[in-house]
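Since the structure is predicted, the reported quantities are computational estimates derived from the model, not experimental observations. In what follows, every heavy atom counts, from backbone to side chain, and hydrogens, waters and symmetry copies are set aside.
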Amino acid sequence: MSQQSGDGFGPDLAEVFGPAHSDGGPELVQLLTPEGERLHHPEFDLDFSAEELRGFYRDMVLTRRLDVEATALQRHGELGIWAQLLGQEAAQIGAGRALRPQDHVFPTYREHGVAWCRGIDPLQLLGLFRGVDHGSWDPEERHFGLYTIVIGAQCLHAVGYAMGMQRDGDVGTGDPDRDAAVLAHFGDGASSQGDVNESFIFAASYNAPVVFFCQNNQWAISEPIERQSRIPLYQRALGFGFPGIRVDGNDVLATYAVTRAALQRARDGQGPTFVEAYTYRMGAHTTTDDPTRYRLSDDVERWKLRDPIARVEVYLKRNGLVDEAFLEAVAEEADQLGATLREGCKALPDPAPLSMFDHVYAEMTEELAAQRDGYAAYRETFEGGVA
Amino acid sequence: MSQRVTLAKALNMGLRRAMEDDDKVLLMGEDVGKLGGVFRITDGLQKDFGEDRVIDSPLAESGIVGTAVGLAMRGYRPVVEIQFDGFVYPAYDQIVCQVAKIHYRSRGRVKMPMVIRIPYGGGIGAVEHHSESPEAQFAHTPGLKVVTCSNPVDGYWMIQQAIACDDPVVFLEPKRQYHADKADLDDQATPDPLFTSRIVRPGTDATLISYGPMVKTAMKAAEAAATEGRSLEVVDLRTLSPLDMTPVLDSVRRTGRAVVTHEAHVNLGMGAEVAARITEECFYSLEAPVLRVGGFDTPYPASRIEEDFLPDLDRVLDAVDRSFDY
Ligand SMILES: Cc1ncc(C[n+]2csc(CCOP(=O)(O)OP(=O)(O)O)c2C)c(N)n1
């Protein structure tokens, strides 16, 4: 049952699709090479102002700092766990910046960069991983949903939400401030879940204004992408009846351009698109994972050379679009963010014990109120009473 | 040979022995191969038994259980691992509508010798969906058998017995005990039969009934009560469906008082069933109503207040006090 080449169960995969962990293949949309060369693409080319480029750089540096800081906080026992995004900054910032305010995002548990673009306070992300709540932001306020931990579940919600937009007449009006779309995030592992596949069917069937944005970081904890798919993921979309595009997920310009086009297509009423952001998980799956048990350090070294931040930095410098003062200012901002997160995280108050009874229902039941009151009375019997 | 092992190690050894004894036994699940599972319960097994017997599956719980149904029909004995309790629900339809009913539907012609291993329960400071206690949902489903171990010795034997069982067994592993305590494991011993409960501490004044992760808490409560001159008998249910009530009923007839405790929500939980049966069978022996101590009827809260949600020593002792107040 092994899926290696020449196992008699199918064609030699390497022959058909190239080596498993390739550079993404010729179909990869790329606008900025790892060496910082600007490329042009017949379909997805865009002009970027110096301002925009510096903005991408700043977003990615700050997102990385958030990630590094949170990882350190977990090591110091301040967070229960942290889902790292190291290496996925470009995929997330490109996608996040392509959104319009009225678009709506359905994230997984790792969309820290997209959250950043939506203006979610990073401390609220930390609160979830610290265990003070299940996510304290209002999903409607900035059109950014709560993190979803059950793999793939949010893709169906995304399609339903998009169907709602469609019904409300917020698609295809030609009014750029009204037309809206949904961005649904998931991983390569999640692409195997029934929910994700069902969401593809619904989206295609109703022509829903949704962009499925898969960060193929090559790994689902210890399982390589080959365990989930024998064909490049983006090619799956065609089987469901909508287009799929593979973009270099370490290239923020390409991710931005492709996601922007896909979102516009959705807003215009032309239906779903599948975007596969081909990237790599540089860190561990989460802070409890040990990738040395299953992953080659050679691969990590190879992907370091494709660092999403370094290539933008090289491009900016080479073209005289930044000076030292700018770079120092961003570095300074990152340090400040780090300090804010360190102090802010430790200062996040534990929830009051009785708060666990809040919001179980929109209308509190007598039964549960009695349980709450009983527990309050019980705590009163201890010194100090209810905290 | 006897050695001191944790529950995690004992389960690993039990799985290994079951695979050695019967080459139809297969392990399937997410990350069970190279990684050895996120809790390392299957550590080293793929290395020794190969990728055909320790199978890393695609990320799809319905797929894992559904294909295991087909493998079982074909004469294999699949042991599937669900990574965490909260992720069993994508497979719920397959477990409840298919796994549980195929023997019945086929009038006994098709057996479902499958084990569904689920690390369950809280107390590890995890995020949402990583601390659930879904036992009642499965115990409420005819056609499934549901067991849970509370210590390494039981873990070692019960996993092998579950694999050898011709019925589908939901095997609940108290994850916070995986690495908590070591026990002496004698692999030549004769274990108790799988579907039996057991008195794990004798006592005379009241009966504490528990299972899985709460047995340790119940034992501690009994120790604490002893220092105050109260003798509590502790029963480890071990099997939730079928429920083995005999040791429980015998005990309550002697002590006259019973407190049932589990991590799962109280309403419609295992405690309700145990209390109802005690009331039906030992009504005239009871000095007080059967009391229940469990998780509150809220979703599992954020981890910083899970200690308030989970029954602890004090809440159990408080219930014992209330029992004596009648
Ligand atoms: C339904 C379900 N099954 C299992 C898990 C445990 N789990 C958490 S993350 C993960 C791997 C996900 O991989 P992928 O979808 O590729 O996303 P990535 O984390 O790599 O970004 C698994 C198995 C889960 N959260 N939900």
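For A:Arg372, no part lies under 4.5 angstrom from a heavy atom of chain B. B:Glu30 touches chain A through backbone and side chain together, each having a heavy atom under 4.5 Å away. Heavy-atom distances place both the backbone and the side chain of B:Asp56 under 4.5 Å from chain A. Of the atoms belonging to A:Ala190, it is backbone heavy atoms, and not side-chain ones, that fall under 4.5 Å from chain B. At a 4.5 Å heavy-atom cutoff, the contact between A:Phe357 and chain B is made by backbone and side-chain atoms alike. With a 4.5 Å cut-off on non-hydrogen atoms, A:Ile221 touches chain B through its backbone and its side chain both. Heavy atoms of B:Arg53 lying under 4.5 Å from chain A are absent altogether.
Residue with the most contacts toward chain A among B:Gly86, B:Ala302, B:Ser303: B:Ala302 (heavy-atom pairs, distance under 4.5 Å). Options A:Val150, A:Asp358, A:Leu128 differ in how many heavy-atom pairs under 4.5 Å they form with chain B, and the most are formed by A:Val150. Most heavy-atom pairs under 4.5 Å with chain A: of the set B:Gly36, B:Gly63, B:Pro299, B:Ser57, this distinction falls to B:Ser57. Chain A forms the most heavy-atom pairs under 4.5 Å with one residue out of B:His130, B:Arg40, B:Glu61, and that residue is B:Arg40. Comparing B:Val38, B:Asp31, B:Ile124 by heavy-atom pairs within less than 4.5 Å of chain A, the highest count is held by B:Asp31. By number of non-hydrogen pairs under 4.5 angstrom with chain B, the leading residue of A:Asp290, A:Thr288, A:Asp350 is A:Asp350. Taking A:Ala220, A:Gly135, A:Ser222 one by one and counting their heavy-atom pairs under 4.5 Å with chain B, the maximum is reached by A:Ser222.
When all heavy atoms are compared, the tightest approach of B:Arg315 to B:Gly294 is NH2-O, 2.5 Å. Closest approach of B:Ser210 to B:Ala218, counting heavy atoms only: CB-CB, 4.1 Å.
Salt bridge B:Asp308/A:Arg379: present, at least one basic N to carboxylate O contact under 4.0 Å. Salt-bridge formation is not detected for the pair A:Asp299/A:Arg295: no Lys NZ or Arg NE/NH1/NH2 atom is positioned less than 4.0 Å from an Asp or Glu carboxylate oxygen. Using a 4.0 Å cut-off between charged nitrogen and carboxylate oxygen, B:Arg16 and B:Asp43 do not count as a salt-bridge pair.
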Please assess A:Gln215 against A:Thr108 for the test side chain to side chain contact (heavy atoms under 4.5 Å, CB included), listing each intermediate value before the final yes or no. CA-CA 11 Å; A:Gln215 284 164 79; A:Thr108 68; over 6 Å; no
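In this structure, A:Trp82 has its ring center at least 6.0 angstrom away from the ring center of A:Tyr109. Residues A:His112 and A:Tyr147 bring their aromatic ring centres within 6.0 Å. Annotation: B:Phe309 is not in aromatic contact with A:Tyr375 [ring centroid separation under 6.0 Å not met].
The aromatic rings of B:Phe87 and B:His129 are tilted relative to each other, their planes meeting at an angle between 30° and 60°. Classification of the B:Tyr92-B:Tyr89 ring pair by plane angle, with boundaries at 30° and 60°, yields tilted.
Geometrically, A:Arg236 does not engage A:Phe274 in a cation-pi contact defined by less than 6.0 Å to the ring centre and at most 45° from the axis.
Checked options B:Asn12, B:Leu11, B:Leu7; the residue passing with B:Lys9 is B:Asn12 (criterion: side chain to side chain contact (heavy atoms under 4.5 Å, CB included)).
When the heavy atoms of residues 192-200 of chain A are compared with those of chain B, the residues falling under 4.5 Å are A:Ser192, A:Gln193, listed by number. Interface with chain A: from residues 263-273 of chain B, residues B:Asn267 qualify, criterion being any non-hydrogen pair under 4.5 Å.
The local environment of OH in B:Tyr76 is sparse, with at most 12 non-hydrogen atoms from other residues, nucleotides or ligands closer than 6.0 Å.
Side-chain polar atoms of A:Asn216 and A:Glu276 form a donor-acceptor pair below 3.5 angstrom.
Annotation: side chain of B:Tyr300 is not in contact with side chain of A:His134 (no heavy-atom distance under 4.5 Å).
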